[in-house]
Every structure is written in C-alpha cells, then in structure tokens.
Number of protein chains: 2
Amino acid sequence: MRQNPARRAALLDAAIEVLAREGARGLTFRAVDVEAKVPNGTASNYFSNRDDLLTQVGHRFYERLEPDPGLLAAAAEGPRDRDRVTELMHDLVARISGFPSGYLALLELRLEATRRPELRRLLTERIRADIQANIDYHTKSGLPGDATTVIALYLALNWLIVERLTLPDVFPESEIHRLVTDVVERILPGPRRDT
Amino acid sequence: MRQNPARRAALLDAAIEVLAREGARGLTFRAVDVEAKVPNGTASNYFSNRDDLLTQVGHRFYERLEPDPGLLAAAAEGPRDRDRVTELMHDLVARISGFPSGYLALLELRLEATRRPELRRLLTERIRADIQANIDYHTKSGLPGDATTVIALYLALNWLIVERLTLPDVFPESEIHRLVTDVVERILPGPRRDT
DNA sequence: TTTGCACCACTTCAAGCGTAGTACTACGCC
DNA sequence: GGCGTAGTACTACGCTTGAAGTGGTGCAAA
C-alpha cells in the first residue's frame with residue numbers, strides 16, 4: 001500500500017473519468033492504470049480492493065468539489081429576488097452539464113452505494129451536508145423561498161441534469177434555458193413576473 | 001437464436017432483477033441463467049451479445065409497464081383539486097418505492113445508454129412518450145397546473161425516488177410523506193391550503 | 001419424419017489481479 | 001563525502017477466475 005498522495009489523487013481522478021466513461025463495469029485496476037498513464041499494477045499498489053477504491057473515489061470526488069470560495073462570494077452579490085435565483089439555477093445547470101464526467105461518476109457511485117454500506121454512509125453524509133449548506137446559504141442570504149423551496153429546486157434540477165446527461169434528446173439543448181426558467185418560476189413563491 | 005417468447009420474457013425479467021441487485025457489472029449471461037433458473041448457456045441462445053440483451057431489457061421493461069388500465073380509470077375519479085394531485089403523487093412515490101428493482105434497473109439502463117446509441121434511442125422515445133402522456137392526462141382531466149407544472153413534478157419526484165432508493169437516509173422514510181406534500185404544494189399553482 | 005428447442009458438458013478465451021524482482025531516488029547516518 | 005536504508009516506480013510474469021459459446025443428445029410437437 002503506497003503512500004504518495006499526489007499519485008494517489010491522480011489515480012482517483014483517473015478512476016472518476018473511467019467511471020463516467022466506461023461505467024462501473026469498466027472500472028478495473030488496470031483501466032485506472034491506463035487512464036492515469038502509469039504502469040500496470042500501480043493501482044493494485046494503492047488500493048487494497050475494489051471496495052477500497054470506490055470509497056476513496058467518493059472521498060476524492062468531494063475533496064475536488066470543495067473549492068468554491070470565489071464562486072460563493074460572487075453569488076452573494078446582486079439582488080435578492082426571484083430572477084436572481086433563476087439566474088443562479090441556470091449557472092448551476094450549465095456548470096454541471098459542462099463537466100459531465102464528475103456527475104456521471106457520482107451517479108455510478110450512488111448505484112454502487114446500493115451494495116456497499118461504507119460508500120453509502122459516506123455519500124449520505126456528504127449529500128446531507130450539501131443540501132443543508134444550500135438551505136443555509138439560501139435562507140441566510142435573503143433569497144426568496146424557504147427550506148422546502150430549496151429542496152424542491154434541488155430535486156427538480158438534479159433530475160433535469162440526469163436527463164440531460166443520460167438522454168439528452170428528451171429535453172433538447174435548445175429548450176433547456178426556457179425549461180429551467182419555467183420550472184424555477186413554478187417552484188419559487190410569490191407573484192410571477194410577466195414574461 | 002431461440003424463439004420461445006415466454007422463455008425470452010422470463011430471461012429478460014431475470015435480467016432486470018440482476019441489473020437492480022448486482023448492477024451493470026453483475027449482468028452476465030450466466031447470472032441471468034441462474035436468476036431465471038434455467039440451464040447454463042440458455043441466455044447465450046437467446047441474445048446474440050450484451051448489447052442485444054440490454055436493448056431487449058429496455059423493451060421488456062416498458063412492456064411490463066404498460067398494463068395500467070384499471071389504475072388510470074381509478075385515477076380519473078375523484079375531485080380535481082390540489083389535494084387530489086398530492087394524493088396521486090403520494091401513490092406514485094409509494095408504488096415505485098415499493099418495487100425498487102424496476103426503477104434501479106432503469107437507472108442502470110440510463111447509464112448504459114450513455115455508451116449504447118440504440119438503447120439511448122429506445123429510452124429517449126419511451127420517456128418522451130411517458131412524459132407526454134402524463135401531460136395529456138393531467139391537463140385533459142382538469143387537474144390544476146399546466147404542462148410545465150407536470151414537468152416540474154416529474155423532475156422533482158424522480159429525483160426524490162432516486163434519493164430514496166440509493167441513499168435512503170438522506171430523506172428518511174419518516175419524513176417522506178410530509179416532504180412530498182410540501183414539495184407538491186410548492187409546485188402546484190394557486191393558493192395554498194393552510195395545514 | 002422433420003424441425004426446433006431444452007439441456008448439459010466441454011473448450012476456449014481473455015481479463016484482470018497480485019506480486020516477485022529490479023532499479024531508482026532521497027534522505028539520514030557514520 | 002561516502003554509504004546504507006527505506007520507500008517508491010517500473011516491468012514482467014503466473015495464476016486464477018469467470019464467462020462465452022458451441023456441439024451433441026434427447027425430446028416433443030407439427
């Protein structure tokens with residue numbers, strides 16, 4: 001079991017790519033080696049088994065997600081109205097849709113979590129924290145809507161992204177902007193703007 | 001390539017179970033044989049390759065979903081107000097949560113569709129039709145809300161089910177009923193009932 | 001009698017895993 | 001300043017496992 005943290009991180013990043021591109025079926029130690037461009041057997045030296053690998057991928061995934069300081073600050077600016085929320089949601093959808101591999105890998109991890117208690121615990125904890133952070137941010141910053149509003153947005157947008165990433169033609173690219181706008185409008189409280 | 005349709009259907013049903021329980025990684029011809037309790041090699045005789053198997057699973061899945069005539073009739077009864085919609089949504093969530101294997105298998109298929117054009121075409125078509133049917137039913141039956149409302153409900157409830165089936169402790173069972181109620185209330189138009 | 005399927009057994013194949021063995025690098029110690 | 005040691009990278013190999021597919025036999029129905 002090797003220690004080199006940089007190399008370990010590189011292997012985990014490679015694993016995320018493999019997971020997104022080839023699916024859980026294609027995620028093998030060898031495939032990770034190839035993706036990370038390291039010699040065969042390297043992944044074997046860093047992870048004791050498949051379970052270990054997947055759990056560490058989960059950790060790594062959220063480790064990479066952390067750095068959002070500048071973005072959070074930027075989001076704190078501007079008005080506090082419904083249009084602002086809509087704008088933020090558009091940003092969110094665009095950002096995730098623009099880097100599909102991370103999100104697809106997370107979906108694969110979710111399905112794996114069905115069979116792996118440790119992975120399930122990890123993901124549950126991180127996602128609860130994520131939702132709670134969203135709620136806190138939203139309510140504290142004075143944006144319209146309460147905790148339930150945030151959850152409803154979370155639910156709807158997550159599935160919209162799934163739909164975009166797995167079956168892009170169900171909601172074609174050209175209709176997404178309008179669709180996000182409309183859905184967010186439906187979920188937010190208060191009177192709607194005439195558009 | 002054998003013809004016996006009953007046996008083929010039984011194999012596909014077995015494949016759905018395997019897909020849900022073991023994931024895409026565990027879906028092998030042999031595993032299908034075992035699950036369907038037929039001799040080894042049988043699946044080989046019915047499906048030319050993995051791609052063929054997955055595509056046929058997709059077909060079979062929707063073939064099994066069709067028979068909803070009595071249910072649709074029952075849904076057509078009763079009032080046409082917001083509470084009625086909430087009730088219908090509760091039924092929906094409960095029904096799907098009660099038979100996880102079908103939905104989990106469909107999620108696996110979605111991820112596979114990322115890499116399999118034919119499967120992607122099939123799923124896209126069926127899901128578009130499904131959404132459209134929901135919209136048509138909803139609007140024609142005079143329930144509150146327009147097409148966008150239905151889509152918003154579709155998005156939110158789908159992800160809620162994902163959350164329940166993959167990481168059940170993120171939204172614990174005990175809170176689901178209240179959560180569904182609240183989210184549906186947020187999405188439906190018009191004044192809210194005081195609860 | 002012929003055709004198609006069920007069943008079983010066996011061969012073949014390939015992928016992947018883990019590790020033994022070797023070489024390199026850096027660091028600390030004498 | 002030379003040397004030993006520890007940790008790591010790299011290469012290659014052997015082994016295990018698992019799966020796929022196919023040929024052959026028996027059977028049943030048309």
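Order of the sequence lines sets the chain letters (A, B, ...), proteins ahead of strands, with each chain counted from 1.
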- Query: How long is the line joining CZ of F29(A) and C1' of dT17(D), in whole Å?
  - Reply: 16 Å
- With heavy atoms under 4.0 Å as the rule, sort P39(A) into base, sugar-phosphate or nothing. base
- Message: Is it true that R8(A) and Q56(A) share a donor-acceptor pair across their side chains at a distance under 3.5 Å?
- Response: yes
- Item | L11(B) CG to dC5(C) P, straight-line distance once rounded to whole Å | 13 Å
- Message: I need the CZ-P distance between F47(A) and dG18(C), as an integer number of Å.
- Response: 12 Å
- When you measure from the side chain of S44(A), which nucleotide among dC17(C), dC10(D), dG21(D) comes out closest? dC17(C)
- Close side-chain approach of L160(A) to V183(A), heavy-atom, < 4.5 Å: no
- With the side chain counted from C-beta on, respond yes when D182(A) and E175(A) share a heavy-atom pair under 4.5 Å apart, and no when they do not. no
- Message: Is a donor from one side chain sitting under 3.5 angstrom from an acceptor on the other, for D146(A) and T149(A)?
- Response: yes
- Task: Please tell me which of R30(B) and R30(A) maps to the more 5' nucleotide of DNA chain D, matching each residue to the nucleotide holding its nearest heavy atom.
- Result: R30(A)
- Message: Please report the distance, rounded to the nearest Å, between CG in N40(B) and C1' in dA6(C).
- Response: 13 Å
- Query: How close or far is atom C1' of dG16(C) from atom CG of L27(A), stated in whole angstroms?
  - Reply: 13 Å
- Message: Testing the 3.5 Å rule here: is there a donor-acceptor pair between the side chains of T181(B) and H90(B)?
- Response: yes
- Query: Rounded to the Å, how far apart are N45(A) CG and dA23(C) C1'?
  - Reply: 15 Å
- Between atom CG in L53(B) and atom C1' in dA19(D), what is the gap in whole Å? 14 Å
- Take the angle between the ring planes of F171(B) and Y154(A) and call it parallel below 30°, perpendicular above 60°, tilted in between. perpendicular
- Query: Do N45(A) and T42(A) have a side chain donor and acceptor closer than 3.5 Å?
  - Reply: no
- Check the distance between dG18(D)'s P and R25(B)'s CZ and give it to me in whole angstrom. 11 Å
Could you pull out the protein-nucleic contacts involving nucleotides 4-8 of chain D (nitrogen or oxygen on both sides, under 3.5 Å)?
residue	atom	partner	partner atom	Å
dT8(D)	OP1	Q3(A)	N	3.3

